[in-house]
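To start, the structure under review is shown below, and the notes come after it.
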Amino acid sequence: MECKQQFKWLILAMICPLIAGAPSSMSKRDSSCPKENLNITGGTFVLSKGYSHGSLLRYICPNGYYPSVQSRLCQDGHWTSKTKSRKTPECKKITCPNPRVFENGEVIPYKDKHYVNDTTTYSCHSDYMFRGSADRVCKPNGKWSGNTPICGRDSDHCPDPGVPPGSSRTGNMFNLDDKVTYRCESLLTLIGSKVRVCLDGGQWSGTEPQCYAGFTYDTPEEASEAFSSSLKSNLAVSQQYEKEDQQGKKITMDQGGKLDIYIAVDASESIDQKNFENAKTTIKMLIDKISYYPVSPNYEILIFATDVTPIITMRDFKNNEDARNLMNIFKALDDFNYESRGDKTGTNIAKLYTAILGSMKIEELNNAMTFSETQHIVILFTDGQANMGGNPRPKVEQIKHLVTKNVPMREKNLDLYVFGVGNDVNQEDINGLVSQRDQEKYFFKLKDLTEVQEINDCHALKKQKQTQLQ
Ligand SMILES: *[C@@H]1O[C@H](CO)[C@@H](O)[C@H](O)[C@H]1NC(C)=O
Ligand SMILES: *[C@@H]1O[C@H](CO)[C@@H](O)[C@H](O)[C@H]1NC(C)=O
């Protein structure tokens, strides 16, 4: 129980159900699917509803392996799959991105491929200073443990930004306004900042890039830790400003109330009823989590699929005392049932951001001064790529423009987070929907329910116990 309390926050893990469930269809058919040719080489599979219509087949591979096809869905007598391949599915070995991109030093051992549990050790040539992790282990989620090792001279205005595994960098000058550009090896997607600029304060703009394969995930601990620390610093920035008291001592003032948080949850096709309930629980837990901070945010909560359904709008929240009561919000969430979503099961992310943009415009019209001083946080949970409504990126650009007015100082007034769940998440697309600055991570890619259940028992989380949220 105590464990549950402490890590209530990790309920984020519970958004994983967003992809885990069998996609459902409103229509009742009973054309079942064939039982043949479903095997996966080196693994097994489970079925959510046997061989009947709407059943989800999920492939399971042993530790250190990933399935070349993640799942199949029984639809109208056929097993469909998002991965277009005629080959028999197989369990493939998980590899970590190439560490030999490391510059001005040595990586041992020298190997072509690095599999789960393989270790590497890094050291610098003389005259170079070492930063980062000297020993790294390839983890089961396709990432190296620790931090990017860097050998730099650190004689320029900014420190050597390094070359993260699997990437290559152009730009070897690290003085003010110098730019470095990264790309990832083929088949890997760059998460984070493609271009970084050496800033006044001796720091690089943006977030260190990471190269993700399709099978690379953030563990719930990684996501939780990074999101918590980001949220914590952003909440701190938004709610406090320093002022000198009469004795000239600096005191921290609470701005109070100038924090608008937009939470949006995907309710599109692949969420079944049970997981839909879990998604609602996630929102409650997130709000509950934020209530531990000394802030009093305003909320807008949206559920979206083909259309966008507000549970509460920003204006209602601010205007209506009843609506502001969190218990009433929770009740409104409870009252929003699976059927309310209807049969419209697309993923219209553009429409979602349009709705948020609309609400923000209303807030600005209502009080432009307050709006300009407000911290705006947008948190999107989605299990798939936008499949209708067009590219959401222009809408996000409009939101950025509305909040920041292209004034660099105001950039910190907007934080855009995305939690992507499962294989269908198009990482490259989502990279354009999140903030990229201050060394913080704004996009999280989580795996699925089965993986998460394994760590829900708290064991993996003990380490964080002391540091989280206190
Ligand atoms: C598929 O796997 C099952 C259980 O391991 C086995 O009995 C069956 O013969 C396999 N089918 C094929 C076509 O390989
Ligand atoms: C990696 O090491 C851990 C701990 O020793 C072990 O439980 C796990 O099975 C190993 N994984 C692989 C893929 O070898």
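In this chain, numbering begins with 1 at the start of the sequence shown. One-based numbering, in listed order, for ligands and for the atoms of each.
Residues Thr306 and Asn348 have side chains that never bring a donor and an acceptor to within less than 3.5 angstrom of each other. Residues Asp218 and Tyr212 have side chains that bring a donor and an acceptor to within less than 3.5 angstrom of each other. No donor-acceptor contact under 3.5 angstrom links the side chains of Glu208 and Asn147, judged on distance only.
For ligand 2, the atoms closer than 4.0 angstrom to any heavy atom of Gly64 are 13 (C).
The protein heavy-atom contact nearest to atom 3 (C) of ligand 2 is Asn117 ND2, 3.6 Å. Summary of contacts: the protein heavy atom closest to atom 9 (O) of ligand 2 is Asn63 ND2, 3.9 Å.
The presence of a protein heavy atom under 4.0 Å from atom 11 (N) of ligand 2 is confirmed. For atom 7 (O) of ligand 2, the protein comes within 4.0 Å by no heavy atom at all.
Separation of atoms CD (Glu300) and CD1 (Ile261) is listed at 12.0 Å; rounding is to 0.5 Å.
Enclosure of atom CD1 in Ile108 by more than 12 non-hydrogen atoms of other residues, nucleotides or ligands within 6.0 angstrom is indicated.
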